[in-house]
Amino acid sequence: MELLSVSSTAAAAHTFFPSGERRCAVFVVSANRTSDSGALQKKSKRELSTILRTEAAVLGVERKAVSAKSDRLWPRAVLEALDNSIANNRWESALKVIVLLLLSVISEGFLIKKVSVLALKIFELLRKQLWYRPKGQTFARLLTMLGKCNQPEHAASLFNTMHSEGFKPTLDVYTSLLGAFGRSGLLKEAFYTIHEMKTISDCRPDAYTYTILIGCCSKLKRFDLIPSLLTEMSYLGIHSTVVTYNTIIDGYGKAGLFEKMENSVSDLLESGDCLPDIFTLNSMISAYGDSGKITAMEKWYIEFQHMGIDPDLTTFNILIRTYGKAGMYDKMMSVFRFMKKRYFSPNTITFNTVIECFAKAGDIEKMEYYFRLMKIRGIKPNCITYCSLVSGYSRACLLEKVPLIIRQTENTDVVLDTPFFNSVIYAYGQAGEIELMKETFSLMKEKKCKPDYITVATMNKAYSDLGMERDAQELELKMVEQKKSSYGNFYISLTKYKRRLFPIILESRENYWSLVVIFCGKTVRLTSIKENLQ
DNA sequence: ATAGGGTTAG
């Protein structure tokens, strides 16, 4: 009933625009936001395609390398091309392929660590070529990419090399470096960078720079640092943008600091030079929704309607998740229907959310219904969909359905990932099916999917529930060995630091390092220890 | 530069 009143308010606010026009506007906005990187991506893909075409007769890789469908394949295909060029002594051509590969990789936001480290090495090689002159933008993109995949050391050393070779860093480059530090949890370095920027006339920090730094502070829960940054901004005459406000609002909201969040909204409304937008709305309602404050959420939804801010697909997905989590399935489905009336088509996230809600509720019939509907509507299920299905079946003790899910994925281009296998391992472990669990663990490794600390904790729980302490210990030792080889030095300094806590697994999660200690089948996670280690 | 989806344990 309550939703109906929300809906009718929404409908009233919408009568201004025929729905077609509104959808158009949404489309244009999102197209504008990505047009820069999109254009660049298209351009470098086209150039890449041209170069590859000339080589295609010899190499036969162009289709594989440039097709949009084979995103996972094309770096490999390009590397194949590269290999051939090198074998044929065509260095220059090979390197040109690499430059474009590098730019595409960065603009597509490829965050695979290996790819970015490779890109960095290639970039260093490139700079030694006479025909290649790097642009500031390329540096900036590379720095951002390194930051996104937790490689601040590489970012810093690239920046230093660049400096020592006489390349004058631009504002973009400095901001990217700052972001690389901040995202990796190195706040001290990020603050040092902004301090240095203030002393260079062409690189004075702007609202962009401050927004990134504030975003990093809030992701690391260092809310204490935000007020002074805002004071500093106004002292320097830098005006906050909507993005600055939205970043702060979202940060407070995610931390459940509702009073601070509301104060920031008031600041935004009273600022005089910016207006709230769809990001503000979605951050607000998702903050209240996540903590089950349905009334506050609905109040703000209506409030934003009055301000002329219409919901978008993200808004509906948030509402569906919130009502689903609260067990208000009627309202959840009313949102689903309301979307249809407004000509918004549910996407993968919408279906995944609905499927997950019914899986958690143990309503297998509805879960399967929406899974079928998803496929009928032409929305491809992904790893997340399959993961929810598996935990749904496991909760309902329908283990026999799990292999069917795995078999279904074999006919698709979905690449199964660690969380998916974790849910299967949990399903079998919970049911005491140790052999099937072990088989899944092998399958996981066969599929080149790395077990993480959740895998180990899940399996250990299953082992210790059945009194199989020895198997648990064996697994732990194996994992530690594996970690030792990939994080050699880190591991040694950690054991020294933590002395007798054993075994220890180091994980990179949520952009900062965590120490995971698995002790007697129990998982203890110690976070934000990076600073202590240095 | 900002918003929405999955796995363990507590």
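In the text below, chain A, chain B and the rest are named by the order of the sequence lines, each starting its count at 1.
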Original post:
Does anything in residues 424-444 of chain A reach DNA chain B, meaning a heavy atom under 4.0 Å, and if so which residues?
Top reply: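 Of all residues in residues 424-444 of chain A, the ones placing a heavy atom under 4.0 Å from DNA chain B are A:Y426.
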
Original post:
What are the residues of residues 253-271 of chain A, sorted by number, that bring a heavy atom to within less than 4.0 Å of DNA chain B?
Top reply: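 By residue number: A:K254.
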
Original post:
Are A:F338 and A:F344 near enough that their ring centres are under 6.0 Å apart?
Top reply: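 No, the ring centres sit 6.0 Å or more apart.
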
Subject >> Ring center gap for A:F159 and A:Y174 short of 6.0 angstrom >> reply: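 Yes, the ring of A:F159 comes within the 6.0 Å limit of the ring of A:Y174, centre to centre.
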
Quick one: which of [options] gets closest to the side chain of [X]?
{"X": "A:A457", "options": "B:dG4, B:dT8, B:dG5", "result": "B:dT8"}
{"X": "A:D312", "options": "B:dG4, B:dA3, B:dG5", "result": "B:dA3"}
{"X": "A:N347", "options": "B:dG5, B:dT2, B:dG4", "result": "B:dG4"}
{"X": "A:N317", "options": "B:dT7, B:dT2, B:dG4", "result": "B:dG4"}
{"X": "A:F279", "options": "B:dA3, B:dT7, B:dA1", "result": "B:dA3"}
{"X": "A:Y208", "options": "B:dG5, B:dT7, B:dA1", "result": "B:dA1"}

Original post:
Near A:E410 CD, under 6.0 Å, is it more than 12 heavy atoms from other residues, nucleotides or ligands?
Top reply: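 Yes, enclosed.
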
Subject >> Other residues, nucleotides, ligands: >12 heavy atoms within 6.0 Å of A:K293 NZ >> reply: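 For A:K293, atom NZ is not crowded (no more than 12 foreign heavy atoms under 6.0 Å).
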
Original post:
Hey, does the side chain of A:R321 come within less than 4.0 Å of B:dG5's phosphate (OP1/OP2), counting only N and O?
Top reply: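 Yes.
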
Original post:
Just to confirm, is there a sub-4.0 Å distance from OP1 or OP2 of B:dT7 to any side-chain nitrogen or oxygen of A:K360?
Top reply: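 Looking at the OP1 and OP2 atoms of B:dT7, one of them is under 4.0 Å from a side-chain N or O of A:K360.
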
**OP:** Would you list the pairs meeting salt bridge (charged side-chain N to carboxylate O under 4.0 Å, His left out) in which at least one residue belongs to residues 418-443 of chain A, sequence neighbours left out?
**Re:**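 Only A:K438-A:D471 qualify under salt bridge (charged side-chain N to carboxylate O under 4.0 Å, His left out).
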
**OP:** Any pair with a residue in residues 382-404 of chain A that passes salt bridge (charged side-chain N to carboxylate O under 4.0 Å, His left out), sequence neighbours left out, goes on the list, sorted by first then second residue, please.
**Re:**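 Listed once each, the pairs are A:E368-A:K401.
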
**OP:** List in chain and number order the residues that pass salt bridge (Lys or Arg N to Asp or Glu O under 4.0 Å) with A:K375, two or more places apart in sequence or in another chain; answer none if no residue qualifies.
**Re:**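 For A:K375 there are no salt bridge (Lys or Arg N to Asp or Glu O under 4.0 Å) partners, ignoring immediate neighbours.
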
Subject >> Side-chain-base donor-acceptor pair under 3.5 Å for A:N422 and B:dG6 >> reply: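 A donor-acceptor contact between them is absent.
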
Subject >> A:Y370: ring-ring contact (aromatic ring centres under 6.0 Å, His included) partners, not counting sequence neighbours >> reply: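 Expected list: A:F336, A:F358.
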
